[in-house]
Amino acid sequence: MKRSGYCNEIREHLLGEQVTLCGWVNSRRDHGGVIFIDLRDRTGLVQVVFNPERQPQVHRQAHGLRNEYVLRVCGAVVRRPAETANPKLATGQIEILAESLEVLNTAQQLPFQLDEEGVGEAIRLQYRFLDLRRGEMQRNLQFRHRVMQTVRRTLDEAGFLEVETPMLTRSTPEGARDYLVPSRVNPGQFYALPQSPQLFKQLLMIAGYDRYFQIARCFRDEDLRADRQPEFTQIDLEMSFVQCEDVMALAEGVIGAVFREALGAELSLPIPRLTYAEAMDRYGLDAPDLRNPLHLVDLTESMRQTGFKVFAQAANQAGSRGQHGMVKVLRVPGGAQLTRKQIDEYTEFVGIYGAKGLAWIKLNGPWQEDGWQSPIVKFFSDAEKEAIRTTTGAEVGDLLFFGADRASIVNESLGRLRVKLGKDLQLLQGAPFSFVWVTEFPLLDWDNESRRHVAVHHPFTAPMQEDREQLDQSGMEEQFLDKVRSQAYDLVLNGTEIGGGSIRIHDPKLQERMLALLGIGAEEAEEKFDFLLKALEYGAPPHGGLAFGLDRLVAILLGVESIRDVIAFPKTQKAGCPLTQAPSFVDPLQLRELHLRTTQVQK
RNA sequence: GGGGGUGUAGUUCAGUCGGUUAGAACGCCGGCCUGUCAAGCCGGAGGUCGCGGGUUCGAGCCCCGUCGCUCCCGCCA
C-alpha cells in the first residue's frame, strides 16, 4: 500500500512523473466519455482524469465510482490542456492521467453533503467522523495542532518541563462541581476528575522543578455555553521565583510565538494593561473589548441632588460589596437615529442583567432649544443638563443610555449593552485581534447566597503586598476585605478572557488565614488541603503561573463562533456525545462492583 | 433551576386563514453526454411533518405535555 505523496503536493515540478495517490472521491464529473474525479486527502484536492481512449479498462471501472469512495490511483502527472486549468485549485495547472485504479472501499450515501454550508450541528456531531472530513474542520484542527506545537516548543526552549498530573484525584471544596469516579477497591469512595492541575503544579514548584507546563484536560460539571464544555483544555504553566511581571512577559512571548507560527502575524507588544478598577469604571466588565470605542461615564456625583428620584436614590445609596448605588451613562455617537423600537429592545436586553429600566436621551438639538428628546429630561435642572453634556462630551445627533442602580447591576447591564451596541452598530475598529491584561483583581467577593466570601480567582492567590496589612488586621470586617487586591491577572482577547493566573501564596500561615476568610475552618482545611499546607511548610519557593483556555484561544484566532468547532469530539449543551451516546446507563453488575445504587431507573 | 429560539424528504428550507394528493433546491438512483471542476440535459425514487395526547367535520398549522438541539440568565474558584 504505497503512495508517492499527498494530493496537494502534485504540482508542475512533477510533470511527466508517475505518481500513486490515496484518498477520497470529493466529486465526480462523468461526461460519458472522459470522467473527472477530484481526489481528496487532508492536504487538498487534485483532479484525476479517466480517458476512454487511452485506458479503456480503467475508464470502465471509473463509471462505478461515487462520492467518498476510497481510492488508490496511479498515473502520470500531466499539464492540463490550455483553457482547462482551474485557478481556484492549488493543483489546478495539472492533473493525473489515471492508469490504474483500486477501490479500497465504497461508501453509502452520506447523511449530509460535505460541501454544504449550514448543516445542523446535531447531525454533524452524530456523524462527526464525516463532519471532520470537511475542509473547515480539517483546517481548524490542523490550526489547533500548530498552536499546541508552538506552545510546546516555545515553553521547552524557555526551560519549562512538561509534567503530567493525575486525572484521578481528590474532590476539593470551592469551585465548580466535580466529575466523580467511584473506586471499586475502596467502597463508597470517589475520585474527582481535576478542575485544573492547580495544586499539583504548586507542589511541583515546591519540589524544585522551577518551570512546569502541561497541555491539560480539565473537567467541570456545570451547565454549558457556546464557549464552555464539560471537558476542556488548558495550557497550564507555573514558575518559581517570579512576580506578576515575569509571568505576564512569559505569557506574551508564548502568544507572540503562536501569532507568528500559527497565524503568520506579528503581535504588537507589550500588551496594554488595565487595572480591574479601571476596566469596571470605563467598560463595566472585567474583560473589555478595546476595539469598541464606546465607554461608560460616571455621573453619580452630579446626580446626588437631582429631582429625578430614580437617579437621586441610586446616587445616594451607600453600601459595600457592590451594593452601593451608581449612575452611569453610555454615550452612543450618532445614536439619535435609533428607533423607539430599537431602544425598547435594548431596554429588554439590559433587563436580562437585572436593570429595571434603561433611561435615554436623544440629542436632536441643544437642550436650551428643547432639542433633547427623552421621557426623563424634564426632571433635570439646567445645571444637571449641562453636567450631563460636559461629562459625556455628547453632541447633537448622539444618544445617551443611563443606568442607575446598584453598582454591580449598572456596570454589568451597561457593560453588556456596550458590547451589544458595538456589534449591532458595527463600531469595532482597529486590528482584528485586541489583547489587554486586566490586573489587580479584588482578592475576595461576597456571595450573598452562601453568606460568605469567595475567592475571585482561587483560594491560593496571593494578595498584593500593599494590601497585605488590611488583610492581616481587618478581621472579618467587610469594608476592609473588599479593598484587598490580589496579584492576579487575566489576559483578554476581543472581549473574552482567554487566560488568567496569579502569584500564589507560599506562606503556610497566610494560606491558612486565606482559607479561614473563605469560611474553611482549620479542621476542614486540615482534611481537604492538608497536603498543600504541609508542603508549604517544607521550603516552598515564591511561585506563580497562569493557564490559557486553549479552546477559546483557538476559536477566537480562527474566528469561529463556538469552541465545539475547534474540538474534535465535543459534547452537546446537555453534556452528551451524539456520536457515542455517552453518557449511558451501565450494566447493574458494574454498579454492584462499584458499590453503587442509583435512584434513577433506566426507562 | 429559569427565559428565548428551533424540530417538515438524505441535507437546507418553504408550506397562506385550519381545508383537495405536503412542495423547492441540492443530494441519491437510471439514461444520454469526450474537457469538466457548483458539469450539463431527460426521467425517477424518496415524508412517523420530533414524540404523545387534545380541540375540530377536518391539524404540518391551534391547545396541553414531553424529548432533542441551540442561545442566554443562574452556575462556571
Side-chain angles (χ1 to χ4, degrees), chain A residues 26-39 45-54 59 63 66-68 80-89 91-92 95 97 107-127 130 172-178 195-196 198-199 218-230 232 348-354 412-413 416 420 441 443-445 447-450 453-461 486 488 497 500-502 514-515 518 520 547 549 561-562 564 571-574 576 578 603:
Chain A
N26 195 68
S27 70
R28 171 182 69 113
R29 295 175 292 281
D30 187 340
H31 287 244
V34 69
I35 298 172
F36 301 99
I37 294 288
D38 286 343
L39 192 68
L45 300 177
V46 67
Q47 175 165 283
V48 180
V49 189
F50 297 89
N51 191 305
E53 284 153 16
R54 301 225 200 174
H59 177 262
H63 271 295
R66 294 294 180 269
N67 279 346
E68 300 304 312
R80 290 195 188 191
E83 312 295 307
T84 68
N86 184 356
K88 289 186 217 161
L89 225 53
T91 58
E95 60 194 6
L97 196 55
Q108 295 196 343
Q109 183 189 349
L110 269 47
F112 54 89
Q113 288 160 250
L114 299 190
D115 57 0
E116 190 169 340
E117 304 263 323
V119 177
E121 231 186 329
I123 194 94
R124 286 177 51 205
L125 292 183
Q126 190 186 340
Y127 292 90
L130 296 178
T172 52
E174 294 280 323
R177 295 184 180 89
D178 286 319
Q195 296 181 23
S196 84
Q198 179 61 33
L199 294 174
C218 306
F219 305 85
R220 292 175 194 178
D221 187 7
E222 295 292 347
D223 289 350
L224 306 180
R225 291 282 191 284
D227 62 353
R228 290 195 333 223
Q229 281 274 301
F232 59 99
E348 197 178 331
F349 175 78
V350 295
I352 296 172
Y353 305 101
E412 182 165 23
S413 58
R416 300 280 195 155
K420 185 164 174 61
F441 278 80
L443 185 68
L444 299 165
D445 193 14
D447 177 34
N448 229 344
E449 206 170 309
S450 59
H453 283 98
V454 292
V456 167
H457 187 56
H458 58 50
F460 320 106
T461 298
S486 65
E497 180 206 325
S502 65
M514 181 69 185
L515 291 175
L518 296 173
I520 299 172
E561 292 292 319
S562 158
R564 292 186 296 272
K571 293 189 171 48
T572 66
Q573 199 162 44
K574 281 196 69 190
K603 285 177 191 136

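This one's a predicted model, so the numbers in the text were calculated from it and none came from an experiment. Letters go in sequence order (proteins before strands), and every chain restarts at 1.
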Query raised in the report: In the 5'-to-3' direction, what one-character label does each nucleotide of nucleotides 38-47 of chain B receive under the scheme B = base within less than 4.0 Å of a protein heavy atom, S = sugar-phosphate only, - = no such atom?
Result: SB--------
Query - Spacing of A:Arg228 atom CZ relative to B:rC76 atom P, expressed in whole Å - result: 9 Å
Query - salt bridge (Lys or Arg N to Asp or Glu O under 4.0 Å) involving A:Arg177 - partner list, sequence neighbours excluded - result: A:Glu222
**Report entry** Side-chain touch A:Phe460/A:Leu199, heavy atoms, less than 4.5 angstrom
**Finding:** yes
Query raised in the report: At under 4.0 Å between heavy atoms, what does A:Thr572 touch on the DNA or RNA strands: base, sugar-phosphate, or nothing?
Result: sugar-phosphate
Query raised in the report: Could you state the CD-C1' distance from A:Gln108 to B:rC29, rounded to the nearest angstrom?
Result: 15 Å
Query - Rounded distance in Å - CD (A:Gln109) to P (B:rU11) - result: 9 Å
**Report entry** Side chain of A:Gln573 (C-beta onward), nearest among B:rG35, B:rC73, B:rU70
**Finding:** B:rU70
Query - Watson-Crick or G-U wobble partner of B:rG7, both distances under 3.5 Å - result: B:rC67
**Report entry** Distance, P atom - from B:rG74 to B:rC57, rounded to whole angstrom
**Finding:** 49 Å
Query - Donor-acceptor pair (no angle test) under 3.5 Å: A:Arg220 side chain, B:rC76 base - result: no
Report task. For A:Thr461, answer base if it contacts any base atom (sugar-phosphate contacts may also be present), sugar-phosphate if it contacts only those atoms, and nothing otherwise; contact means non-hydrogen atoms under 4.0 Å. Result -> nothing
**Report entry** Watson-Crick or G-U counterpart of B:rC62, or none if no pair lies under 3.5 Å
**Finding:** B:rG54
Report task. Name the nucleic acid region contacted by A:Gly354, choosing base, sugar-phosphate or nothing; use a 4.0 angstrom heavy-atom cut-off, strictly under. Result -> nothing
**Report entry** Nearest-angstrom distance from the residue atom NZ of A:Lys420 to P of B:rG4
**Finding:** 17 Å
Query raised in the report: Checking side-chain contact (heavy atoms from CB on, under 4.5 Å) for the pair A:Met514/A:Leu443: CA distance, chi angles, key distance, verdict?
Result: CA-CA 10 Å; A:Met514 181 69 185; A:Leu443 185 68; 3.8 Å; yes
Query raised in the report: Between B:rC73, B:rC69, B:rC75, which one does the side chain of A:Ala122 approach most closely?
Result: B:rC69
Query - Candidate nucleotides B:rC76, B:rC71, B:rC69, ranked by approach to the side chain of A:Glu222 - the nearest - result: B:rC76
Requested in this report: Describe, in one word, how the ring planes of A:His59 and A:His63 are oriented to each other, choosing from parallel (under 30°), tilted (30 to 60°) and perpendicular (over 60°).
Outcome: perpendicular
Query raised in the report: Using a cut-off of less than 4.0 Å, is there contact between a side-chain N or O of A:Arg66 and OP1 or OP2 of B:rC29?
Result: yes
Query - Nucleotide B:rG50, atom C1' - distance to CD1 of A:Ile123 in whole Å - result: 13 Å
Query - Rounded C1' spacing from B:rG5 to B:rA22 in Å - result: 24 Å
Query raised in the report: Across the strands shown, which category fits A:Val119 at heavy-atom distances under 4.0 angstrom: base, sugar-phosphate, nothing?
Result: sugar-phosphate
Query - salt bridge (Lys or Arg N to Asp or Glu O under 4.0 Å) partners of A:Lys420, counting only residues at least two apart - result: A:Asp424
Query - Selected nucleotide, minimal atom distance to A:Asp223 side chain, candidates B:rU11, B:rC37, B:rG1 - result: B:rG1
Query - A:Glu121 side chain, from C-beta outward: closest of B:rU70, B:rG35, B:rC76 - result: B:rU70
Query raised in the report: Does the side chain of A:Gln195 get closer than 4.0 angstrom to OP1 or OP2 of B:rC76 through an N or O atom?
Result: no
Report task. Could you work out which one of B:rG35, B:rG10, B:rC69 sits closest to the side chain of A:Pro111? Result -> B:rG10
Query raised in the report: The side chain of A:Gln113 lies closest to which of these nucleotides: B:rG10, B:rG35, B:rU70?
Result: B:rG10
Query raised in the report: With A:Arg124, which residues qualify under salt bridge (Lys or Arg N to Asp or Glu O under 4.0 Å), at least two apart?
Result: A:Asp131, A:Asp565
Query raised in the report: So, does the side chain of A:Asn67 form a donor-acceptor pair with the base of B:rG27 at under 3.5 Å?
Result: no
Report task. Can you tell me, in whole Å, how much space there is between the C1' of B:rC69 and that of B:rU12? Result -> 16 Å
Report task. Sticking with atom C1', work out how far B:rG27 lies from B:rC13, rounded to a whole angstrom. Result -> 14 Å
Query raised in the report: Paired with B:rG40: which nucleotide, if any, by Watson-Crick or G-U wobble criteria at under 3.5 Å for both distances?
Result: B:rC32
Report task. Name the nucleic acid region contacted by A:Arg416, choosing base, sugar-phosphate or nothing; use a 4.0 angstrom heavy-atom cut-off, strictly under. Result -> sugar-phosphate
Query raised in the report: Within the distance-only criterion (no hydrogens, no angle test), does the side chain of A:Thr91 pair as donor or acceptor with the backbone N or O of A:Leu45 below 3.5 angstrom?
Result: yes
Query raised in the report: Do you know which two heavy atoms are closest between A:Val456 and A:Phe441, and how far apart they sit?
Result: CG1-CD2, 4.2 Å
Report task. Identify whether any heavy atom of A:Leu110 sits under 4.0 Å from a base atom; if not, whether one sits that close to sugar-phosphate; answer base, sugar-phosphate or nothing. Result -> sugar-phosphate
Report summary line: Taken in chain and number order and not counting sequence neighbours, the residues that satisfy side chain to side chain contact (heavy atoms under 4.5 Å, CB included) with A:Arg228 are A:Arg225, A:Arg552
Query - Value in whole Å for how far the C1' atom of B:rC73 lies from CG of A:Leu224 - result: 15 Å
Report summary line: Residues at least two apart in sequence or cross-chain that pass salt bridge (Lys or Arg N to Asp or Glu O under 4.0 Å) with A:Glu68, listed by chain then number, are A:Arg40, A:Arg133
Report task. Check whether any side-chain N or O of A:Lys574 sits under 4.0 Å from OP1 or OP2 of B:rG68, and answer yes or no. Result -> yes
Requested in this report: Check whether the aromatic ring of A:Phe112 stacks on the base of B:rU11, taking stacking as ring centres less than 5.5 Å apart and planes within 30° of each other.
Outcome: no
Report task. Determine the Euclidean distance between corresponding C1' atoms of B:rA38 and B:rC26; express it in Å to zero decimal places. Result -> 10 Å
Query raised in the report: In whole angstrom, what separates A:Phe50's CZ from B:rU36's P?
Result: 18 Å
Query raised in the report: A:Glu95 has an atom CD; how far is it from atom P of B:rG35, in whole Å?
Result: 13 Å
**Report entry** Any A:Thr572 side-chain heavy atom under 4.5 Å of A:Leu125 side chain
**Finding:** yes
Query raised in the report: Choosing from B:rC71, B:rC69, B:rC73, which nucleotide comes nearest the side chain of A:Arg225?
Result: B:rC73
Query raised in the report: Taking the P atom of each, how far is B:rG23 from B:rG65, in whole Å?
Result: 33 Å
Report task. Answer with base, sugar-phosphate or nothing: what part of the nucleic acid does A:Ala85 contact at a heavy-atom distance below 4.0 Å? Result -> base
Report task. Assess whether one donor atom and one acceptor atom, taken from the side chain of A:Glu117 and the base of B:rU12, lie less than 3.5 Å apart. Result -> no
Report summary line: Ranking B:rC26, B:rC37, B:rU70 by distance to the side chain of A:Arg564, first place goes to B:rU70
